[in-house]
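Note: hydrogens, waters and symmetry copies are ignored here, and every other heavy atom, side chains too, is used. Not measured: the values here are computed from a predicted model. First listed ligand is number 1; within each ligand, the first listed atom is number 1.
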Amino acid sequence: MSNNFENKIVLVTGASRGIGKAIANNFAAHGAFVIGTATSENSADGIKKEFGQNKYKGTGLVLDISKQNSVDKFADSLKDYGQPSILVNNAGITRDNLLMRMKNDEWESVIETNLNGMYRVTKLCLKAMMKARYGRIINITSVVGVSGNPGQTNYSAAKAGMIGFTRSLAREIGARGITVNAVAPGFIKTDMTEELSDDIKASLMKQISLGRLGNPDEIAKVVNFLASDDAAYITGQTINVNGGMYMG
Ligand code: NAP
């Protein structure tokens, strides 16, 4: 099956690396004009360069979703390209620590980026989708938003918050032809999981039924499906893509 996203503008936050990069490239390979974001000029240029090398339509722009002024600036740049009808809220960070040791900054930065950032970017894109009576919003949450994980109270609170947001917004705007879904990856091979200690990696591996890490492309394909016409009747859902790590 190959979905065609010709004439669609797709916004993917955090498209410079890992899962976001795979999602952005997948949409671009299927004909979309993709706006991929990164937190620095250098990384945004990297996205542009890669699109150019692959002859993809799209661009790389700077966006820090944790700061409202960066989102406002990004909104101005967006005017040069048109309003996205497909939004993938992918950008996210971890600042792991046991709650007893967690610093306010570790709590706040994760909530500010993963949860408040999603709110800001969704709000930015919603008006045009409402007007067009069409849209697809896909939020990248996490298996730990449903299963919990020691050392990640901040991250799992933000990711569970994204799931509640997804369900409520789906109910608010379904009548406008806009679907809102979440994808909850398990343990995927990216910079984010590379940071984990060998002990944690080994204990996580034991929980994965398929006995291996996932690839970013395996998330991108599910996102592609949720954005396609084939998924027009799916909204408010969280799709688990975790190799059988958690079966909720
Ligand atoms: P990653 O390799 O660490 O990449 C994170 C991306 O987010 C980068 O493009 C980064 O941009 C961007 N980003 C970070 N802070 C940002 C900010 N304040 N504003 C805008 N962009 C920001 O992460 P990943 O593993 O691909 O994860 C992508 C998403 O999947 C995250 O939401 C993560 O929570 C979720 N997830 C990942 C896994 C996994 O196993 N990897 C599992 C479950 C869920 P720069 O390059 O400019 O820093």
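Contacts of T141 with ligand 1, taken as heavy-atom pairs under 4.0 Å, involve the backbone alone. Under 4.0 angstrom from ligand 1, there are no non-hydrogen atoms of I219. Looking at I188 against ligand 1, both its backbone and its side chain come within 4.0 Å, counting heavy atoms. Residue contacts with ligand 1 for I93 involve side-chain atoms from C-beta outward but no N, CA, C or O (heavy atoms, distance under 4.0 Å). At a 4.0 Å heavy-atom cut-off, ligand 1 touches I19 through backbone and side chain alike. With a heavy-atom cut-off of 4.0 Å, N90 touches ligand 1 through backbone and side chain alike. For P216, no heavy-atom contact with ligand 1 is shorter than 4.0 Å. At a heavy-atom distance under 4.0 Å, no atom of K21 approaches ligand 1.
Atom CD1 of I47 is separated from atom OG1 of T59 by 8.5 Å, given to the nearest 0.5 angstrom.
Using 4.0 Å as the threshold, K159 has a heavy atom nearer than that to some atom of ligand 1. The closest approach between a heavy atom of T113 and any atom of ligand 1 is below 4.0 Å. Taking a 4.0 Å cut-off on heavy atoms, A44 fails to register as neighbouring ligand 1.
In this structure, E194 pairs ionically with K201, as a charged nitrogen and a carboxylate oxygen lie closer than 4.0 Å. No salt bridge links E108 with R95; every basic N to acidic carboxylate O contact stays at or beyond 4.0 Å. Using a cut-off of 4.0 Å between Lys/Arg side-chain N and Asp/Glu carboxylate O, E218 and R212 are scored as salt-bridged. Looking at D76 and K73, no side-chain N of the basic residue comes within less than 4.0 Å of a carboxylate O on the acidic one, giving no salt bridge.
Every atom of ligand 1 with a heavy atom of Y155 under 4.0 Å away is listed here by number and element: 33 (C), 34 (O), 35 (C), 36 (N), 43 (C), 44 (C). Here is the list of ligand 1 atoms found below 4.0 Å of a heavy atom in T193: 39 (C), 40 (O), 41 (N). Distances below 4.0 Å separate heavy atoms of A38 from the following atoms of ligand 1: 47 (O). Interface atoms of ligand 1 facing D191, defined by a heavy-atom separation under 4.0 Å, are 2 (O). Set against the non-hydrogen atoms of F187, the atoms of ligand 1 under 4.0 Å away are 40 (O). Each of the following atoms of ligand 1 lies closer than 4.0 Å to a heavy atom of A15: 9 (O). Heavy-atom contacts of P185 reach the following atoms of ligand 1: 42 (C), 43 (C), 44 (C) (cutoff under 4.0 Å).
Considering T141, N240, I219, N90 in turn, I219 is the only one that fulfils the side chain to side chain contact (heavy atoms under 4.5 Å, CB included) rule with V183. Just one of V12, I65, I138, T122 meets the side chain to side chain contact (heavy atoms under 4.5 Å, CB included) condition when paired with N89; it is T122.
Considering both main-chain and side-chain atoms, G20 never comes within under 3.5 Å of ligand 1 through any nitrogen or oxygen pair. Between T39 and ligand 1, at least one N/O pair is under 3.5 Å apart. Taking distance alone, with nitrogen or oxygen atoms compared against 3.5 Å, R17 approaches ligand 1 more closely than that limit. For ligand 1, the polar-atom distance check against D64 finds a nitrogen or oxygen pair separated by under 3.5 Å. Annotation: N114 places no N or O atom under 3.5 Å from an N or O atom of ligand 1; distance criterion only.
Applying the 6.0 Å contact sphere to OH of Y246 captures more than 12 heavy atoms from other residues, nucleotides or ligands. Environment of NZ in K67: sparse, with no more than 12 heavy atoms of neighbouring residues, nucleotides or ligands closer than 6.0 Å.
When S16, G14, A22 are checked for heavy-atom proximity to atom 46 (O) of ligand 1, S16 turns out nearest.
At a threshold of 4.5 Å between side-chain heavy atoms, the hydrophobic network of Ile, Leu, Val, Met, Phe, Trp and Tyr places F74 and M118 in one connected group. Linking Ile, Leu, Val, Met, Phe, Trp and Tyr residues whenever their side-chain heavy atoms come within less than 4.5 Å leaves L226 and L11 in two separate clusters.
Using a distance-only test at 3.5 Å, with no hydrogens or angles considered, a donor-acceptor pair links the side chain of N154 to the main chain of E106.
Remark: K8 is positioned above the aromatic ring of Y134, its terminal NZ or CZ atom under 6.0 angstrom from the ring centre and at most 45 degrees off the axis.
Between T235 and V180, the shortest heavy-atom distance links the atoms OG1-N, 2.9 Å.
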